[in-house]
Amino acid sequence: MTFPKTLHLFCRVVDNYGDIGICWRFARQLQREHNIAVTLWVDDLRSFQRICPDVLTDVEEQQISGATIRHWRDQDGVFTTNDLADIVIEFFACDIPPGYITAMAECNPRPVWLNLEGLTAEEWVEGCHTLPSSHPRLPLTKHFFFPGFTEKTGGLLRESSLEEQRQQFQSDPKAMAEFLAQFGVTSAEMASTKVSLFCYPHAPITALFNACINGEQAITCLVPEGVAVESIQAFLGSEAKAGATFTRGALTVRVLPFVAQPDYDKLLWACDLNFVRGEDSWVRAQWAGKPFIWHIYPQDENLHHKKLRAFLQRYSPDIVSLTNFSLLWNGAEVAGAEGQIDWPALWSLFQADMPKIAHKSADWQQKMLANGDLTSNLLQFAVSLRSEAAKN
Ligand code: TRH
């Protein structure tokens, strides 16, 4: 293959780990499965290190898992055409250095320039996916590429070996038990309903915990360190450090270390229910084949509630307990549930539906698989743009 050989991916870490989480997953897949030399430009090496402990935070350039990582310090710099790549991707509309753009205009052929957007289930995405945007001064066109849930979008990130790895892990109870045991999970906890909790601090965690405490089923809630610290500490009565644990009634809460990205997948696979958030963990939960509750990143004017409803409408229009629980977990309104929220009733209805929801997730996966994977779809699009350009 002559095109593409090289790819530059620019990532600005706005908040949390999602942006770098997605870019790092994407970069590794490009390198491993498509043999593309990837350079990931990232401005925040500390956040990167949390999901990938191999990252050094004090170097300008490093090689990890076959990819080059460059510390993106500022918008300065003079670039020559030799510094550029066949494909240039801005993640989530981050502005790349002006000098880099000038050099792109001088290339022949010019790099394929894409803006990789965030994931939403809203319908408008289909109309915007692959749209061009001309540079106001230079002879350059950038195209928008949207991940999504339908064949008219770019699909979801998924490594080709993911399903096989998941099935292997989930069919090996010993491997699952060993994985959880390294975090101190006891055999009694192993036999309980295991729940992973990754959410933003404003989630109604205390209400959920109270429902679990008084519930009939033993629940073990596994929380990575640094997640919703105040609520977790309030339950524990001590610092929410990795290894901390406390049991009240039917609920045990155990704090885990914040694990490297591949281990986070294993955590999702090993649990019976996953609370996830943002974008990347949300997608991983969909591939885990287990029931999940999504905490969406909050936006002004409750725009995120619209996005949440759009997803629920696609994912589970027929499972009322999942829809209601998800909406209330995100502070959105539920018709007929105004005033005091009855969390114990919600939780018990949701728990009763978990087998049905797990079944649903398998159907959903099949549907999503039919859309191909985001990385292959994006490369196919880049190749089509390049051949189009060659004709003109
Ligand atoms: O960190 P997030 O809240 O990221 C969000 C979203 O990307 C959102 O769209 C963006 O606009 C906002 O940040 C600013 O949640 P997300 O997307 O799930 O990313 C978390 C990453 O961290 C994901 O790659 C999984 C990884 N992770 C680990 O590697 N280990 C862990 O222990 C945990 C809990 C997560």
Side-chain angles (χ1 to χ4, degrees), residues 9 11-29 40 42-44 46-55 64-65 90-94 115-122 125 146-148 156-159 162 179-180 182-183 185 194-203 205 221-229 232 240-243 254-271 274-288 292-300 303-304 306-308 310-311 329-330 374:
L9 173 59
C11 173
R12 227 175 247 302
V13 180
V14 177
D15 195 4
N16 306 309
Y17 316 103
D19 303 328
I20 186 59
I22 294 161
C23 288
W24 181 227
R25 197 179 290 298
F26 179 48
R28 270 178 302 168
Q29 196 187 359
L40 173 56
V42 55
D43 64 339
D44 176 359
R46 270 183 208 290
S47 295
F48 193 0
Q49 193 183 49
R50 278 211 93 190
I51 61 157
C52 177
D54 290 342
V55 169
I64 302 176
S65 303
E90 300 173 343
F91 182 72
F92 224 10
C94 63
N115 183 352
L116 181 55
E117 285 287 339
L119 175 63
T120 173
E122 292 160 296
V125 165
F146 281 85
L156 300 175
L157 267 182
R158 175 182 46 81
E159 300 84 353
L162 183 68
F179 174 76
L180 292 177
Q182 67 177 309
F183 306 121
V185 176
K194 295 175 291 300
V195 177
S196 78
L197 180 65
F198 186 38
C199 59
Y200 298 109
H202 60 279
I205 296 168
C221 179
L222 304 172
V223 196
E225 195 175 69
V227 175
V229 174
I232 302 302
K241 275 195 152 174
R254 183 175 282 285
V255 182
L256 267 45
F258 195 94
V259 294
Q261 225 179 19
D263 277 349
Y264 183 64
D265 273 329
K266 287 189 177 167
L267 179 64
L268 298 177
W269 299 343
C271 285
N274 296 303
F275 284 80
V276 288
R277 75 183 202 191
E279 181 170 325
D280 193 50
S281 57
W282 173 41
V283 173
R284 301 316 273 186
Q286 293 173 48
W287 294 131
F292 66 89
I293 298 286
W294 178 34
H295 203 209
I296 184 168
Y297 191 72
Q299 285 180 294
D300 290 343
L303 211 74
H304 58 296
K306 218 171 147 216
K307 293 185 173 175
L308 172 66
F311 175 69
W329 183 247
N330 283 280
L374 183 95

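Each ligand, and each atom within it, is numbered from 1 in the order the structure gives.
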Tell me whether Ser281 has any N or O atom under 3.5 angstrom from an N or O of ligand 1.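 So ligand 1 has an N or O lying under 3.5 Å from an N or O of Ser281.
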Using distance alone, decide if ligand 1 has a nitrogen or oxygen within less than 3.5 Å of any nitrogen or oxygen in Trp282.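 No, since none of the N or O atoms of Trp282 sits under 3.5 Å from an N or O of ligand 1.
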[atom] [closest protein heavy-atom partner, distance rounded to 0.1 Å]:
{"atom": "atom 26 (C) of ligand 1", "result": "Ile51 CG2, 3.7 Å"}
{"atom": "atom 24 (O) of ligand 1", "result": "Asp280 OD2, 2.5 Å"}
{"atom": "atom 9 (O) of ligand 1", "result": "Glu279 CB, 3.9 Å"}
{"atom": "atom 20 (C) of ligand 1", "result": "Phe198 CE2, 3.7 Å"}
{"atom": "atom 30 (N) of ligand 1", "result": "Val259 O, 2.6 Å"}
{"atom": "atom 14 (C) of ligand 1", "result": "Asp15 O, 3.4 Å"}
{"atom": "atom 19 (O) of ligand 1", "result": "Gly18 CA, 3.1 Å"}
{"atom": "atom 10 (C) of ligand 1", "result": "Asp19 OD1, 4.0 Å"}

Minimal non-hydrogen separation, [X] against [Y], with atom names:
{"X": "Trp329", "Y": "Trp294", "answer": "CD1-O, 4.1 Å"}
{"X": "Cys199", "Y": "His295", "answer": "CB-ND1, 3.7 Å"}
{"X": "Arg254", "Y": "Gly243", "answer": "NH1-O, 4.3 Å"}
{"X": "Leu180", "Y": "Lys194", "answer": "CD1-CD, 3.6 Å"}
{"X": "Pro53", "Y": "Ala260", "answer": "CD-CB, 3.7 Å"}

State the atoms of ligand 1, each with its element, that fall below the 4.0 Å cut-off from a heavy-atom position in Gly21.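 Near Gly21, meaning under 4.0 Å from one of its heavy atoms, ligand 1 has 24 (O).
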Give the numbers and elements of all ligand 1 atoms closer than 4.0 Å to a heavy atom of Pro224. 32 (O), 34 (C)
Looking at Leu267, Asn274, Leu197, Val255, which hits side chain to side chain contact (heavy atoms under 4.5 Å, CB included) with Leu222?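 In the set Leu267, Asn274, Leu197, Val255, the residue that makes a side chain to side chain contact (heavy atoms under 4.5 Å, CB included) with Leu222 is Leu267.
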Side chain to side chain contact (heavy atoms under 4.5 Å, CB included) partner of Leu374, the single match among Leu116, Leu156, Val283, Leu119: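 The single option meeting the side chain to side chain contact (heavy atoms under 4.5 Å, CB included) with Leu374 is Leu116.
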Should [X] and [Y] count as side-chain neighbours, where that means a heavy-atom distance under 4.5 Å?
{"X": "Pro201", "Y": "Val229", "value": "no"}
{"X": "Leu157", "Y": "Ile22", "value": "yes"}
{"X": "Glu159", "Y": "Arg25", "value": "yes"}

Backbone, side chain, both or neither: what part of Phe258 comes under 4.0 angstrom of ligand 1, heavy atoms only?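 Both backbone and side chain.
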Heavy atom under 4.0 Å from ligand 1: found in Tyr200's side chain, backbone, both, or neither?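 Looking at Tyr200 and ligand 1, just side chain atoms fall under 4.0 Å.
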Heavy atoms only: which of Cys52, Ala260, Gly278 is nearest to atom 8 (C) of ligand 1? Gly278
